[in-house]
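All values below come from the heavy atoms of this structure, side chains included, with hydrogens, waters and symmetry mates left out.
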Amino acid sequence: MACLFVVGSIVYFSGAALYIFAGKHVREARILKSVTRVNQLKDLAQLLDEEISPLAVTISGEVASENPMKCEIANLRGVIAEETVEKIYLKNEDFTIRQKEKCNCVNHNKTCNVAWTLHSEFISSIPKEVPWYLDDGTDRVYVVGARFATDFVLPVRRSKFDELGQTLVGETSYHIQDIKILGLKRIERVLPVGTLLTVVGEASKDDDGTIRIQQPPKGPFYVSCKMIDEHIADFEGSARLCKYISMGLTTIGASLIAKNAIGSRG
């Protein structure tokens with residue numbers, strides 16, 4: 001019966017935790033609904049003059065830059081790029097080493113089976129970014145700190161393999177281990193010019209009239225290919241699902257606890 005009480009308690013409190021999680025999603029949806037929507041970027045300058053700056057807004061437009069970078073692997077013009085380099089190599093399995101140790105033959109390579117497995121090893125990751133803005137044809141708004149925003153991804157991914165053709169042989173007192181380096185895999189992720197994005201954040205105007213949108217000290221900061229209504233729908237749908245599951249778990253948990261109490265009295 002004690003086991004029944006423990007299981008019931010775990011199920012019940014799991015349901016309660018899920019209900020709290022659902023409430024968090026409801027609050028996120030409510031916050032996004034309260035953000036000022038700017039349909040045309042030209043209206044944002046006037047809005048910032050009339051309202052107290054900075055202001056929480058949502059805007060949409062195409063990615064643009066006065067000096068976009070040339071992305072070599074993707075062969076695109078972009079504003080944010082990240083190049084990751086991995087070493088690709090073959091390495092013999094551990095069981096092969098054990099077979100060599102057990103084998104009494106003079107030449108292991110001629111008599112023992114060698115199985116190679118493909119491995120990769122991270123070498124470096126280099127992010128690059130140039131000043132960029134959103135443009136909807138009516139005005140432009142510079143975006144600052146997009147890489148740290150919620151839901152931000154670099155939408156284009158291209159890779160290139162540079163073959164090295166090198167073989168390294170390392171020897172220890174226990175066994176001979178062969179590592180065959182195949183080459184370097186370079187992966188480039190890019191935010192290309194012309195990508196349609198929606199940004200939710202804090203808008204402000206500099207003394208020279210330049211308008212920026214960035215992460216607020218408190219509040220939402222999204223840079224995404226999704227529209228704000230899609231984010232709201234995702235939060236509300238997730239909250240509903242969590243509440244339904246929570247109700248089921250708390251009901252089952254309470255039933256198990258009650259059953260344990262009745263059984264203890266009997």
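The salt bridge (Lys or Arg N to Asp or Glu O under 4.0 Å) test applied to Glu236 returns Lys33, not counting sequence neighbours. Partners of Phe221 according to the ring-ring contact (aromatic ring centres under 6.0 Å, His included) rule, which considers only residues two or more places apart in sequence or in another chain, do not exist here. Remark: Asn39 engages no residue in a side chain to side chain donor-acceptor pair (under 3.5 Å) (not counting sequence neighbours). In this structure, Asp208 has no salt bridge (Lys or Arg N to Asp or Glu O under 4.0 Å) partners at least two apart in sequence or on a different chain. Taking the ring-ring contact (aromatic ring centres under 6.0 Å, His included) definition, one finds that Tyr89 meets it with His119, sequence neighbours left out. Residues satisfying the salt bridge (Lys or Arg N to Asp or Glu O under 4.0 Å) criterion with Asp229, sequence neighbours excluded, are Arg37. Applying the salt bridge (Lys or Arg N to Asp or Glu O under 4.0 Å) criterion to Lys160, with sequence neighbours excluded, gives no partner residue. By the side-chain contact (heavy atoms from CB on, under 4.5 Å) test, Met227 pairs with Ser60, Thr198, Glu230, sequence neighbours left out. Among residues two or more places apart in sequence or in another chain, the ring-ring contact (aromatic ring centres under 6.0 Å, His included) test is passed with Phe148 by none. Residues that satisfy the ring-ring contact (aromatic ring centres under 6.0 Å, His included) test with Tyr142, not counting sequence neighbours, are Tyr133.
Annotation: salt bridge (charged side-chain N to carboxylate O under 4.0 Å, His left out) contacts involving residues 132-143, sequence neighbours excluded, comprise Glu66-Arg140. Applying the salt bridge (charged side-chain N to carboxylate O under 4.0 Å, His left out) test to residues at least two apart or on different chains, the pairs with a partner in residues 77-86 are Glu83-Arg186.
A salt bridge between Glu188 and Arg157 is absent, with no side-chain N of the basic residue lying under 4.0 Å from a carboxylate O of the acidic one. Using a cutoff of 4.0 Å between basic side-chain nitrogens and carboxylate oxygens, Asp162 and Lys185 are not scored as salt-bridged.
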